[in-house]
Each structure stands twice: as structure tokens, then as C-alpha cells.
Amino acid sequence: MTLFDGVYPFYLQQRKHFVFDVSTIIVIIVFLTFAATFLLIIPGIRGRARLYWIFRVLLSLVVGVVIVAVQFTGDWESGWVTANTSYKAFSAVMVKADIGLHVGLAGVNVTLVGNPVNQVNETIDYNEHFAWSFDADYDHSYSEGLEKGLPSPILYVAEKFTTESPCNMHRQYRISGHYASATLWVAFCTWLISNMLFSMPVLIYGGYMVLTTGVFMIFSLLSFSTVRNSLICPIQFGTASLLIDYGGSFWLTLVIGLLCFVAGIAIVVLHYFNPNLLKTFFDLHEVRTEDCQEMTEVYINPQFMSNTQSPPQPSRIISSGM
């Protein structure tokens with residue numbers, strides 16, 4: 001192994017910075033397609049019911065896309081620290097960089113961005129993902145990082161989550177992430193059932209399912225937050241500490257879960273105390289009124305009515321003798 005500008009690079013190729021997860025993009029595109037398809041049929045809905053339809057459908061799509069998208073995001077917990085740290089193994093070269101840790105349900109992303117980006121004749125801009133899902137081997141991913149010669153700060157942070165680390169963070173986050181993910185998939189199923197019940201329409205049971213969706217989303221947050229009950233190993237870079245806190249996906253799930261909880265309770269309460277308002281919101285009053293109006297327009301054949309009202313005439317029986 002030879003020196004390259006004073007450091008020991010194992011791989012000289014330029015690494016790409018992680019921008020956005022492909023799975024999350026696919027989920028968003030699918031739900032945007034549903035929203036665009038719905039907007040195409042909106043002009044066919046008349047009157048005030050159009051606004052109710054837009055509100056109900058878009059709100060339901062927002063809930064669905066959040067439940068699915070947060071499964072693939074990597075910012076359930078996140079944190080940043082700026083520190084002077086060694087850049088490569090077996091080298092005394094120090095760099096100033098921003099080091100980030102982003103924890104998702106299926107793994108962690110460790111980010112290293114130079115401050116400035118160009119230092120020691122290199123572009124320091126890294127984001128490495130280490131997965132711990134059932135079909136992934138975290139220790140194997142970490143070993144591959146060692147073989148590639150990733151920067152020392154990334155390997156130092158990733159080592160905290162290995163199975164052989166005395167911190168035991170791998171087991172804590174892996175189990176919590178799996179239970180949170182499973183609970184969110186249950187919430188997604190109840191969300192689908194609620195939409196089917198509203199379309200039948202069975203409003204009270206649809207409200208129960210929306211309420212159940214919110215409850216399962218809250219349960220997923222409780223499952224993930226159990227990692228806070230255990231001691232977290234400190235991540236030190238000299239005198240600076242990398243501290244992590246709940247990220248955007250956690251708070252977004254909390255907001256949507258509370259929204260479903262409140263919406264479900266509102267539907268149940270209106271069903272028992274003000275059913276007319278609930279039927280108006282779901283565009284059921286107008287349908288029943290139109291049905292009643294159509295039923296009053298009955299055409300009667302007067303000749304048929306006269307025949308049915310007149311008494312039947314006795315038939316004459318003619319007998320013939322043999």
C-alpha cells in the first residue's frame with residue numbers, strides 16, 4: 001500500500017453523496033399518481049360535494065404515503081457534530097468535518113462532510129449506509145467498509161452498532177426498528193380497510209378503522225422510543241460529542257398518528273350526536289334526496305288501473321252432454 005498525498009486511500013474513485021432513498025421516491029410517485037388521477041375526475045363532481053371529496057381523498061392519500069414512506073427514511077433519529085478528527089487509518093492527517101448520524105428503521109447512515117469540502121487534496125463528502133434488516137448482515141457491511149478503506153470517523157461511528165460492540169446498540173435499535181416497522185404495516189392495512197368501509201359506505205366502522213390506524217402509528221413510535229430506556233454509548237471526537245435526537249420521520253409519524261386519532265374520534269362522535277352533518281360531509285344526503293325524487297316520478301297506466309279496480313266477471317261454463 002502506497003501513500004497518496006500523505007494519506008492512505010484504499011479506493012481513489014469519487015464517492016457519491018447520498019441524496020434521497022430510491023424506495024421513498026417510488027412511494028411518493030405512486031401516491032402522486034393516485035392524486036393526479038383523482039384530480040382528473042374532480043370536475044365531474046357537482047356543487048359543494050366537490051370540496052368534501054378533495055379534502056377526504058387528499059387527506060387519506062397523505063396518511064397513506066406517510067405510513068409507507070417513513071418505512072424507508074433514515075431520519076427517525078439524527079444528530080450532527082463538527083470536530084477535528086483523523087481522516088484515514090495509519091495517517092496523522094487531521095481534517096475539520098461535519099459528522100452526522102441518521103438512524104432509520106432498517107439501518108443507519110453515517111455522513112462525513114468536510115468543512116470546507118476540499119481538504120488534503122480530496123473532496124470529503126461521504127454518506128454510507130449500514131443495514132440491519134432481516135435480509136441484511138450489518139457486520140458484513142461494516143467489514144466491507146473496512147476493506148474499502150472508508151474514512152476513520154465513519155468506521156468509528158459504524159463500529160458502535162456492530163454485534164460485537166460492548167455498547168449493545170445494534171440489538172436495541174434493530175429490535176425496536178423491526179417492531180416499529182411491523183406496527184406501521186398493520187396501520188397501513190387498517191388504513192386500507194377504512195377507505196373500503198367509507199366507500200361502501202359504513203361510516204361508523206370506517207371511523208373505528210381510522211381511529212385504529214392512529215393507535216397503531218402511536219404504538220410504532222412507542223416501540224421505537226424504547227431504545228431511550230437503555231444506556232447509549234457516547235460517540236466522542238476529541239472534546240466534541242455526537243448527540244442524536246428524534247428526527248423528522250419520528251415527528252411526522254406522530255403528527256399523522258394524532259391526526260388519524262382525532263379524525264376517528266370525530267367521526268364516531270358525529271355518528272351518534274350529529275349524523276346529518278356526517279352524512280353531508282360524506283355526500284350521502286344528496287344521494288338519498290335524489291333517490292327519493294326519482295322514486296316520486298312514477299308513470300301509471302290508467303287502463304291498467306281501471307282493469308285492476310273493476311270486480312272480476314264470473315266465467316260462463318258451457319257443459320255439453322255426450
Side-chain angles (χ1 to χ4, degrees), residues 18 20-31 34 60-79 100-111 127-142 157-158 160-163 165 167-195 209-230 232 244-261 264:
F18 178 83
F20 214 69
D21 186 74
V22 177
S23 301
T24 307
I25 297 177
I26 294 175
V27 171
I28 294 175
I29 291 176
V30 170
F31 278 88
F34 286 141
S60 179
L61 289 177
V62 168
V63 173
V65 71
V66 169
I67 293 176
V68 180
V70 294
Q71 300 268 4
F72 307 102
T73 55
D75 60 341
W76 280 72
E77 282 187 345
S78 60
L101 174 60
H102 313 281
V103 182
L105 299 182
V108 295
N109 286 323
V110 185
T111 304
N127 189 295
E128 298 294 330
H129 178 71
F130 301 90
W132 56 46
S133 56
F134 282 120
D135 57 347
D137 188 348
Y138 185 93
D139 291 341
H140 180 69
S141 300
Y142 176 74
V157 176
K160 298 289 185 179
F161 294 89
T162 57
T163 56
S165 174
C167 297
N168 200 26
M169 295 171 64
H170 177 85
R171 181 176 179 273
Q172 299 169 15
Y173 278 96
R174 187 170 184 264
I175 295 177
S176 299
H178 288 334
Y179 277 108
S181 178
T183 310
L184 283 174
W185 283 121
V186 175
F188 180 73
C189 294
T190 57
W191 171 78
L192 290 176
I193 295 174
S194 68
N195 283 278
M209 285 294 102
V210 173
L211 181 60
T212 306
T213 301
V215 170
F216 276 109
M217 294 183 73
I218 300 299
F219 281 165
S220 69
L221 299 176
L222 294 177
S223 299
F224 183 81
S225 61
T226 54
V227 296
R228 295 283 177 171
N229 298 330
S230 304
I232 303 298
I244 57 176
D245 202 354
Y246 294 128
S249 295
F250 183 92
W251 297 116
L252 180 61
T253 306
L254 177 61
V255 170
I256 298 300
L258 292 177
L259 179 63
C260 292
F261 192 81

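Note that the structure is a prediction, hence the values are computed from the model and not measured.
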Under the side-chain contact (heavy atoms from CB on, under 4.5 Å) rule, what do Leu221 and Trp76 come out as? Steps first, then yes or no, please. CA-CA 10 Å; Leu221 299 176; Trp76 280 72; 3.6 Å; yes

Are Leu105 and Leu184 packed together at the side-chain level, in the sense that at least one heavy-atom pair is separated by less than 4.5 angstrom? yes

Pairing residues for His178 by the ring pair (Phe, Tyr, Trp, His ring centres under 6.0 Å) criterion, not counting sequence neighbours: Phe134

Distance-minimising heavy-atom pair for Ile244 and Gly79: CG2-N, 3.8 Å

Listed by chain and number, what are the ring pair (Phe, Tyr, Trp, His ring centres under 6.0 Å) partners of His129, not counting sequence neighbours? none

For Lys160 versus Met169, what's the shortest heavy-atom pair and its separation? O-CB, 3.7 Å

Hey, is the main chain of Gly177 close enough, under 3.5 Å, to the side chain of Ser181 for a donor-acceptor pair? no

Walk me through whether Trp191 and Met209 qualify under side-chain contact (heavy atoms from CB on, under 4.5 Å). CA-CA 7 Å; Trp191 171 78; Met209 285 294 102; over 6 Å; no

Worked verdict on Glu128 versus Asn109 for side-chain contact (heavy atoms from CB on, under 4.5 Å): CA-CA 5 Å; Glu128 298 294 330; Asn109 286 323; over 6 Å; no

Minimum heavy-atom distance between Ile67 and Phe188, given as atom pair plus value: CG2-CB, 3.7 Å

Looking at every non-hydrogen atom in both residues, tell me the closest pair between Ser220 and Thr253 and how far apart they are. OG-CG2, 4.1 Å

If only atom types and distance count, is the side chain of Thr190 paired as donor or acceptor with the main-chain N or O of Ala187 below 3.5 Å? yes

Which residues satisfy the side-chain hydrogen bond (donor to acceptor under 3.5 Å, both in side chains) test with Ser223, sequence neighbours excluded? none

Can you list every pair that meets salt bridge (Lys or Arg N to Asp or Glu O under 4.0 Å) and has a residue in residues 168-188, with sequence neighbours left out? none

Where do Ser78 and Asp245 land on the side-chain contact (heavy atoms from CB on, under 4.5 Å) test, with the steps shown first? CA-CA 6 Å; Ser78 60; Asp245 202 354; over 6 Å; no

How would you list, by chain and number, every residue that makes a side-chain contact (heavy atoms from CB on, under 4.5 Å) with Phe261, sequence neighbours excluded? Leu211, Val215, Ile265

Would you please name every residue forming a side-chain contact (heavy atoms from CB on, under 4.5 Å) with Phe72, sequence neighbours left out? Asp21, Ser23, Thr24, Val27, Val68

Partners meeting ring pair (Phe, Tyr, Trp, His ring centres under 6.0 Å) with Phe250 (sequence neighbours left out): Tyr246

Please report the shortest heavy-atom distance between Gly264 and Val210, naming the atom on each side. N-CG1, 3.7 Å

Checking Asp139 against Thr162: is there a side-chain donor and acceptor pair closer than 3.5 Å? no

Roughly how far, to the nearest 0.5 Å, is the CG atom of Leu192 from the OG1 atom of Thr213? 9.0 Å

Identify, with sequence neighbours excluded, every residue that meets side-chain contact (heavy atoms from CB on, under 4.5 Å) alongside Ala182. none

Checking Asn168 now: which residues fulfil side-chain hydrogen bond (donor to acceptor under 3.5 Å, both in side chains) with it, not counting sequence neighbours? none

Counting C-beta onward and ignoring hydrogens, is there a side-chain heavy-atom pair between Val63 and Cys260 closer than 4.5 Å? yes

For Leu258, check side-chain contact (heavy atoms from CB on, under 4.5 Å) against everything at least two apart and list the hits. Ile218, Leu254

Here the gap from Leu101 atom CG to Asp75 atom CG, rounded to the nearest 0.5 Å, amounts to 11.5 Å

Could you report the tightest heavy-atom contact between His102 and Gly74, atom names first, then the distance? CB-O, 2.9 Å

Taking the six-membered ring where the residue is Trp, are the ring centres of Tyr173 and Phe161 under 6.0 Å apart? yes

Flag yes if more than 12 heavy atoms outside Phe219 fall under 6.0 Å of its CZ atom; otherwise flag no. no

Using the test side-chain hydrogen bond (donor to acceptor under 3.5 Å, both in side chains), find all partners of Ser176 that sit at least two apart in sequence or belong to another chain. Thr226

Who passes side-chain hydrogen bond (donor to acceptor under 3.5 Å, both in side chains) against Thr73, sequence neighbours left out? Ser249

Taking Ala158's backbone N and O only, do any of them form a donor-acceptor pair with Tyr138's side chain (distance below 3.5 Å, no angle check)? yes

